[in-house]
Each structure stands twice: as structure tokens, then as C-alpha cells.
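Some notes on the structure that comes next.
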Amino acid sequence: MNIFHKVTLKSLAINRTRTVVTIIGIILSVSMITAVTVFISSLQDYMLDNAIYVNGDWHGAFNGVNAGTAAEILNDSRVESAALAVGIGYAEIGSRNEYKPYLFIMGADDLFFERMPVHIIGGRLPLSDDEIILPVHLASNGGVVYKTGDVLSLETGDRYAGDIRLTQQNPYISNDNSDSHIENSGSADGDGNAGSDVNEGHVENNIAGVRPEELKIMETRTYTVTGFYERPGFEDYSAPGYTALTKADFGSGISGYADGYPEGNSDAGQTRLFDIYLKMKFPKNIFAYVDESGMTGSTNTDVLMYSGVSRYSNFYYVFYSFAGILIGLIMFGSISLIYNAFAISVSERTRQFGLLASIGATKRQARGMVLFEALAVSGIGIPVGIISGILGIGVTLRFVGDKFYAFYGSEKLVLDLDISAAALAAAVFFAFVTVMISAWVPSGRAVRISAIDAIRLSKDIRVKSGKMKSSLITRKLFGLEGILAGKYFKRSKKKYRATVVSLFMSTVLFISASSLCSYLTDAVTGAFQDSDYDIAYYYSGVSGGYVSYDYLNSLYRKLITVADFSSSVYAVEKTIGVKMPVAQFTDEYLEYYNITPDAAYMAGTDNVANTADIDDIAGAAEHEIFIRVFGIGDDLYEQYLLLNGFDTDIYLDIADARGLGQALLSRFDASLQRFVKIPLLKEKTAEISFAAVDRERRELLPESESQYIVQSNENSDYIKIIPLKFDVMEVDTRLAEGLNTSEKYGIKIMYPMSYFLSKMNTKTCTFYFRADNPQKAFEQLEEYLMANGLYKDEYSLINTYEMNKTDRNMVTVIKVFSYGFIILISLIALANVFNTISTNVMLRRREFAMLRSVGMTERGFRRMMNYECILYGVKSLIWGIPAAFLVTWLIFRSISRAFETGFYLPWSSVVIAVGSVFAVVFSTMMYSMRIISRDNVIDSLRIDTE
Amino acid sequence: MEILRVEKLTKIYGKGESEVRALDGVSFCAEQGEFIAIIGPSGSGKSTLLHIIGGVDRPTSGAVYMNDRDVYAQNEDQLAIFRRRQVGLIYQFYNLIPVLDVMENITLPVLMDGRKINAERFDELIKTLGLKGREKHLPNQLSGGQQQRVSIGRALMNAPAVVLADEPTGNLDSKNSQEIVELLKLSNRRYNQTIIIITHDENIALQAKRIIAIEDGRITRDEVMRK
Ligand SMILES: Nc1ncnc2c1ncn2[C@@H]1O[C@H](COP(=O)(O)OP(=O)(O)OP(=O)(O)O)[C@@H](O)[C@H]1O
Ligand SMILES: [Mg+2]
């Protein structure tokens, strides 16, 4: 260690508090940077997990190759290993999805089950070639229900369009979709020649236009169902067969399967086709490999991308720029702290640097001292920072890692800590750059200190005359001590400016970060569907006809016994377009309607939508608005009426009921920071009428045509005009349970169901349920519906509770991260302020001792310090608060582009900011003064450091 | 042998109205082994002259030759090395590095060079300075006179050709002052060093072999005392 390093280390040791605070500052910023980089690497790993979950863990794939080719690929020296599956055949299973009439049986090897996205939901994987697992969408989409243990006897064979053999990559060709064409997947092996490569030729586009495809049965196979698995990523949406997996043993080589079908079959020579999913020894080579193969292969784009093999992607752009902004902010905040620490350290040692220069230290040696100081504090700060950053993000992810599916990916995957070497390297790099930038400028200042300045001590003390006048107010309020403090301020503008600037930045950062957080939370919560039910079941006439009240009522009675529901409602619904006189709408609505073009668009009136101002709308006689009309199960509606104090004689009159309407516009109230409800209609009661197809006459028409009549020809004989009357409820009254979804504006009217159905007809009905255990109730209901043929598709039964949970998780994640960020940034700012103020006080030890020696009392000191604190606080807040407001406004501007929100200021954060500024300033001052007051006057007068 | 030559040194502070001519065409020579006292009223430019000779301040015009080498023709780094090896500066306020102990402060110029400390030389020096046993003390644990002796030790450690002292006794009582002067005289005799000392103390000035008087930035008197 040379003498300069020694001097540096000793100075660090003597200014222990400042050194510790500086190191804490470095630890904080390094840990934040580390948190960001490690988070990004964890995110990348999570994306990779997701890509593997969906697509499987492989680099490249060839579908529909024959045995010879498959063997060649397996034996290639560049290929590390490959998962293999053989197409055993298609079987008709009576699917109700006309485009997916088959079960496609595939035999897969162990590697296939290990690497491909085969996610078992119930049961277990097949262990032999007479066991099978089925995909869940066979039941949910195809309506074919089996259970574990069922034995399937299947007539399997191959699909042909003319002479051309079809694969899973060729969608189903029926009479109906005869204009569809067979994709050029290159996998239709037409000639059946075992030695040939994958057929590259096109299947004639309209070949199937002539006739539908045909299934040639080859053999009969028997399988036992051992389980079910999630709809696999390797099955295209347009694939004609539900993929069932059995176990294939390729142990004896592929050749066992090459021979294909049992002897005696007419197509005995026909070869089987293989899907091969391979991993390369060097993943990078996959692109060249696929190119050179001369076959149509595919690469696992997402997996390759997230494992860093290929880099052209939005992911890198979005996440790296996001990380860049965050790291930039952190570096900005920390540089100001660390810079200050070094600047203070240099200015405190002005004399020392000058002195060293006078006895022959070169500039390089002077700069080296500051940079060595930087190295010394980084030596502790960076490693500790990295460890605490990893701990911090690790703990955070531990708590919120399982909630990330709310943003992206499968609910089954957890975003867990993944520390990559690159992330650590980046963190070290940025941390080092931060410290070095912070140290470089002060080191330049250290170099510029000339020997003569140090010897004469001329620089700091020179004061321009005329500037030292103190205001009368100061004199009155704070007396001589106030004047002294003011003079000190003026004398060392630079020193106090550092404090004011760091306070200023902390204020701005804190307030704007919390506005960002609050606006973001608003935006996310505002986008939520506020629903008051957990599960919704959409019944749509399975039998195809219109619903009847009796049927729905009995169905409802059955459904509520299926699971343990805490409450439930069922309702039929119709959305009607109604023209109403503009005079009936409230001004707020008209104004809102006018200023928001998309609202006008949604209202859908051609004549008014394009007009520019309220007068035009008012001038137009009518305005069309869509109204949702509900018919609620009579007895449930009665309960609702009684509960809310409505007159059942009026509203439950089955022959001539008055509806109960809700006509609302919800607008963001900036002062309340939430959406408020405003009436949409002026009057408390309204009558409307609309045109509908005459129910009796409609029966005579094909459905497509009746739709056409309503839209085009109001005077048609088939049309009947239906009048409805309703009373408008108070804005705060809620609709019957289940109907309270949060639209921005609209009219909803409730009627008893039997009244509704006497006026209008519908094929659908929605059942809304609430349950204490929504997940269990959902599963029970699902099972019941499936078993009774009431489950049409995935959209029949919606688990709203789960969806809302996702939204809530999203808010949790946003809050955890943004508050974490705010707290850490504030800590950095705090350390900064502490450092600057305490050093400023320490530097004046000698001055204080002098004042004390000439008789200044403790009270006098306190007065002087109070005045200084107020100066610090006021000066920084005068600039900081307006600047923070400006940033808040900018945040509002950018957020309001995507979400409706009103401008408001985060007053609670402002209060916290003002409070903390003064708290920090005063407590730091008190701390420093306490230390100083222990000083012996004579010792301080002898201090030779200045 | 001539060791130092100062030619028409001028130093002007400030500009226009507030212009101060601290030195106004000062020239003189010094032989090796001379013991020179510079005297003059306060503000006459003594310190300024000393600083320029010592290479810590730059003249407005004129030149300083040390061993026939033009001091201010050197670049900053060369100048730093020059200060380190060719001159020893002693100030009225001792200007020690507070975080370093006595030994480190004294050997600072050697340590800066990254050279090894000549233990014999240090031993001899610390005995001469009367600081034996205080090597590990920090500056604020020493009296004013002791601190000044440390700074003299630092100036002498490298055995520079020229030692410059700016009122080294200004803060000390007469007994301490005399000790300091004896030290300088000893060093002057033993190593044949050139010593230039600024002083307000007539007793000290009279112990010098040559006295240069300065007034308003000009040499008004330059006489060699007979011994
Ligand atoms: N940095 C400066 N800026 C302006 N004027 C200066 C500066 N340094 C010195 N002076 C002026 O130069 C003149 C010479 O100063 P110098 O310090 O050399 O005097 P001195 O003879 O050493 O006085 P003293 O005996 O009081 O130490 C003085 O008038 C002083 O005011
Ligand atoms: Mg002087």
C-alpha cells in the first residue's frame, strides 16, 4: 500500500459516519441495480419456462417424416438427442366439433413425455402401448367424455384426400369446408415410398373441393385410459384429431415401426410417419441444420429466443429498455448521493490535497487518491449490495412470484429467482460505473486544488462584499444567530446547494414515483370487471330452440343443488337499440358523449356520432342508445324487490310489469380519485319501444333472414313493435346480483322473467353463482354440466372469481414493486441528505467552537440551526413540489392516453414528503449538533483539517 | 557554486483597480550553503517570493533557475517531482497531514516517491529534531513547537538543495524559536544546504549570513553579514 492509499484509508476511518453512510448508499443502489438485473434474468427464465411449458423443450422439429429419415436424424452427430413420436392412426369417436371428428393416436417415447408439453391433469402417464391418455378438450370441445379406466376399442387408420395421405397438419376436409385447402406442410407423404424424403410437393389446393377426405381403416386397437392431459401445444388449432398419447417403445430401433401395419392388411407396405423433436449439441446450429436438411422443419422460436440463442425479439427490446430506464433512474439517484459523498470528502480535504501538492504530489497521484477511495468503498459496498439485492428480489419473488401469471404465462408456473452470470456481471458493471462517475468529477476537483490555494486557504473564505445583507425579518425572528446562519449560507453557497439539491431530488423522486404508482393502480383497477358473482354459466339452447321459463326454472332448481352455492340468480337478457329524444338525456351524458369519440362510436348512431358539439346532438331529435334488458327468475326477482323496498304490485305484475332501470354514466372524479356515478336520464320514469321480429311469424322464416329483416326493414310484416316502460332507480341502487358489471355508461332494465319472455324470445340464459369455495363449486358444476350434456364449450362456464384473482394479483405485483422502488429510492435520498448536512455541520466545528468561545449559548446554537433547517427545507420544497407536480402531470398525460382518469395530485405523498424533508433535516442537524456539543472548545479551535 | 538564480520576478494579483503588485522585478542569486534571511513589512511580498521559488505558485513574469534549470519551464508533473526532491518548504502553520503520524509525516516526500525509507537518515533526523519516541503520535497530540519540528523534518528528509522557511517561528516562544533556528543552522552546516528563511524576528535575522530586505515587492537591501 502506498502512502496515498494510506492517507485515503485513514481519512475514511476518521470520518467513520460519512464513510458508513456512503457505503450504505452504494449498497442501496447496487442492490437496486442487482434487483433489476436479476429480476430481468429471472423473468427471462420464467419466459423460457413458459415457452417450454407451452411448446416443449426442444430446438427443432420435423413432423411427418418416415422411419428412414427419423433414423438419420437420430444418428446425426450434431444432434444431441431427440424425442420421438409415431403416428399410429386416426379413429372416429363421435365428436360434436365438425372440424375435429377424430382421435389421433400417437405413440411417444420416454423423452417425448419428458420434454414435450404433456401436462397430466388427472390419472397418470401411459406405461405401455395399450394404455392411453386423452386431452381434456376432447370432452370440453369435442363433447366426448371418458373416464380413467375406460377401455377403448378403436378402429384406426389413415386419412386420405384422393391418393394423398393427410396428417395432423392438414385440417379436416368435409363437404362444408370444401373450399379450404390443404396447407403445404410438406408432411403429406403421398407416394408411400419408404425410402423417400418428406414430400415437398403441394397438395392441390382444391383437390378436396371435389370430395371430402376419407378415413381408411387399417386395424383395430384396444387401449385403457390412464389419464387426461392439458390441450397440448403440439396440436394445431386446426388439427383434425384430438391427440391421444400412448407409449411407444423404440428400444429395438425405429425399424420396428417402419414396417407399419400388420401383415395381411391391404396397405401393409404403407409406412408410418414420425414426429421428431430434437435438441442439438450446440443449439445455435439448429437453424443451419434445418436449412441443410432440405426438409420442412420448424424451430422452437420462443424457447431458442429465451434461452438466448436467437435475439431478434420484442422481449429483448421491451424488457431491456424497461430495465434500462429503471437502472438509469437508480443510477441518477445514486450518483447524486455518491457524488456528494466524494465531493464532500474532497472539499473537506482541500487543504490536504494542496499540502500534498506543495510537497510534490503529482496530479495523477491526487486523482488516484480519490479513485482509490472509490475503490475502497465499492470493495465493501458492491459485494454487500449484490448479496442484499439478490436477497431482496429473492424474498420479493418468493411472495409475489406465483402471481405473475396475471401478466403472462401459465398459472402453474412460478417466477422464481434465477441468477445468471450475465445479470451479475451487468450489476457489477453498472454499480462500478455509478461509483466511478460519482468519483470522477470530485477527483478532477482534487487535481485542480493548487498548492498555493491550500497554503493560503484562500478559496473557501473569500466573500464578495455587498452580498451579506440580512433581511429584517430574519433579524427579528432569529436574532443574531439567524443572521450568522444566513451569512454562512451565502458564504458557502456550494456546500448548502448540495444539500438543497439532494432534498429537491428526493422530493421529486418520491412524489412522482408515488403518483406513478397511484395512477398505474387506478388504471389497472379501472380496467377491472367489477362483477358480483363468482361463476357464470351461459346456457344456450342445447336443443337449439327458444328457452321457456318453466325449463329454465327447473334447470335452475337442479343446478343450485350441484354445489354449495351461497347465492345465485338466473336471468335472460336482450340488448336492444332504442332511439330516444335527446331532451331525455342529462347534460352530463351529452357532454360526455360528445367529448369522447369512442363513446359516440359505441352508441353507434350514424347521424349523431360525427357531429361536433352538444348543440348538434340536441338539435337531432333522437339519439340511439343500446339498452340491456334482463328478465330475472320471478321468485328471485321478488326477493330482490322486497329486499330493496320496491312495490311488488307494480314491478312484479306478470301481465304488465314496469321495469326497474339503471341509467348511469360513470366518470372519473379527480377530487375523489375514483369513478362516480352520474344519472344518464333526466326523468325518473321512461317509456321506450323497439322493433322485434314477430315471434309467431318468425317461426316461418329461416333464422338468418329474420335477423336481416329487423335490421333493414322496420315496416316489414314480420316486425312487431314492443313497448316497454320502466322507472329509473337511484344511482346507488344496485341491480340484482350478477348484473352489476361496470360499464362506463348505459341503461339496464330488469323485468320478471315471465313478463320478459312473454314479450321477447331468446335462446340463452345466464346463471350467476356465488360460493364460499368458488374453485370447488366450479369443478362440481363443470362435472355436472358435462355429465348432462349441458356443457357446450369452454365459454359455457366462466370462473370469474379466478379471473378477478388474476386482476388482484396484478395490482399486488404492481404495488409491491413500485412501493419497493419508492422506499429504496427514498432511502438513497435520505442517506444523501444525512451525509451532506452532517458534513456541513462537522466542517464548521472550528467556527462553532469559536462562536462558543465568544459566548454563544446552547439556545443560541439551536436557534441558528433551526433557522438553517428551515432554509434547507423551504428552499428544496419551493422547487421540489412544483417540479414533482410537473412530473405528475406528465405521468397523468401519458396514462390518460390509455385509461380514463382525471388529473389529481398525490396529496398524501406530498404531506409525507414535506414531513420527511423536515424530519430528516432536523434530526440530522440534531445528531450532528449533539456530536459537536461534546467537543472541547480548545480542541476544536486547534482542528487543523480545514 | 551558484544554486539559485531569480530573474526579474513579477507577481500581480487581481486586475484593474484591485490589481496588487506583490512582486515587482525581484532578482538575486544564492550560492550553495548560504543562509539567507528575508525581512520586510507585512504585505511586502515575502511569502509570495518564497512560494514562487519553492515551485508552488507561478510568477506573472520572470524566471527561477535552480541548479541552472528553469523551474517554470517544467510541466506540472515535473514541477511536482521538483517540489518533492529539490526543495523543502516550512510554513508558519505547520501544515501536517492530520491522519498521518509523526514518522509518516516526516517521510512523506520519500513515500510519495515510492522509495524505501533510509532508516539511518530518519534515525539521525528524529534524534536531531528531538522527536525520538514520538514517531507514532498524531499531529494533534503534539505541541506547536513539536509540530514545527516535524514539518522541518519533512522538509529535510530528502536532503534538498534548498530549504525555504516562511516564518517558521512566528507561532513559537523565543526558546522554541531558537531551537528551530539552531536546527536549520545545523542542517545548513552539516549538509551544506542553502537555507532561505523569512522572519520578523530581528534576533533570527541577525544570525543569517545574508539579509535581503523587501518593500512593496522590491528588494531594497541585500547585504552579507560578516561572521
Ligand atoms: N491570492 C491573493 N490575491 C490577491 N492579493 C494577494 C494574494 N496573495 C497575496 N496577495 C497580496 O500580495 C501582497 C504580498 O503578500 P505576501 O503574502 O507575499 O506578503 P508578506 O510579505 O508575506 O506579508 P506577511 O509578512 O504579513 O506574511 C499583499 O499585499 C497581499 O495582499
Ligand atoms: Mg507572509
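In what follows, chains are A, B, ... by sequence order, proteins preceding strands, each numbered from 1.
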- Item | CG/B:Asp68: more than 12 non-hydrogen atoms of other groups inside 6.0 Å | no

- Closest heavy-atom pair and its distance - B:Ala80, A:Ala361: CB-O, 3.5 Å

- Note on the structure: dist B:Leu100:CG -> A:Ser11:OG (nearest 0.5 Å) comes out at 8.0 Å

- Crowding at CG, B:Asp216 (>12 non-hydrogen neighbours, <6.0 Å): no

- Item | Nearest non-hydrogen partners of B:Leu89 and A:Ser358, listed with the distance | CD1-O, 4.3 Å

- Item | Results of side chain to side chain donor-acceptor pair (under 3.5 Å) for B:Gln74 - residues two or more places apart only | B:Arg69

- Between the CG atom in B:Asp101 and the NZ atom in A:Lys6, the distance rounded to the nearest 0.5 Å is 7.0 Å

- Residues forming a side chain to side chain donor-acceptor pair (under 3.5 Å) with A:Gln365, sequence neighbours excluded: A:Thr362, B:Arg84

